[in-house]
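Okay, so here's the structure we're looking at.
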Amino acid sequence: MKYGIFEAIGVVLLVLGAQGAIRQLIDHDNVGLLSWLPGGFAASLTVYALAVVIGVLVAGWAHGASKAVGRNS
């Protein structure tokens, strides 16, 4: 159960980060969720990229751990 929650959190971070980074690359002025963040384009793009990386790591770890326990095939 807990691995499923971590996997879902990882996927949400992955989706939000990728969607935000793509949107930011297409329209530099549209920062989306990170409009409160100081630093402009570079800072918000970095945070979106970090969200993607952390999301992939968390989702991958949770999927692997649940497979090791025998809950996923």
Please identify each residue that fulfils side-chain contact (heavy atoms from CB on, under 4.5 Å) with Val11, with sequence neighbours left out.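 By the side-chain contact (heavy atoms from CB on, under 4.5 Å) rule, Val11 matches Val15, Ala59.
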Between Ser66 and Glu7, does the side-chain hydrogen bond (donor to acceptor under 3.5 Å, both in side chains) criterion hold? Intermediate values first, please. CA-CA 9 Å; Ser66 67; Glu7 193 169 0; 4.5 Å; no
Is there a chain of hydrophobic side chains (I, L, V, M, F, W, Y, each step under 4.5 Å between heavy atoms) that links [X] to [Y]?
X	Y	value
Val12	Leu33	yes
Trp61	Val69	yes
Leu57	Val47	no

How long is the span from the [atom1] atom in [X] to the [atom2] atom in [Y], to the nearest 0.5 Å?
X	Y	atom1	atom2	answer
Asn30	Leu25	CG	CG	11.5 Å
Ile9	Leu14	CD1	CG	13.5 Å
Gln24	Leu34	CD	CG	8.0 Å

Check whether any side-chain heavy atom of Val52 lies under 4.5 Å from a side-chain heavy atom of Leu13, and answer yes or no.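 The answer is no, as the side chains (C-beta and beyond) never meet within the 4.5 Å cut-off.
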Is the closest side-chain heavy-atom distance between Leu37 and Val31 below 4.5 Å?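 A side-chain contact under 4.5 Å is absent here.
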Between Ala51 and Gly17, what is the shortest heavy-atom contact and its length?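 Looking at all heavy atoms of both residues, the closest pair is CB-CA, 4.0 Å.
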Can you tell me which residue pairs pass the ring-ring contact (aromatic ring centres under 6.0 Å, His included) test with a partner in residues 21-56, sequence neighbours excluded?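 For residues 21-56, and leaving out neighbouring residues, the ring-ring contact (aromatic ring centres under 6.0 Å, His included) pairs sorted by first residue read His28-Phe41.
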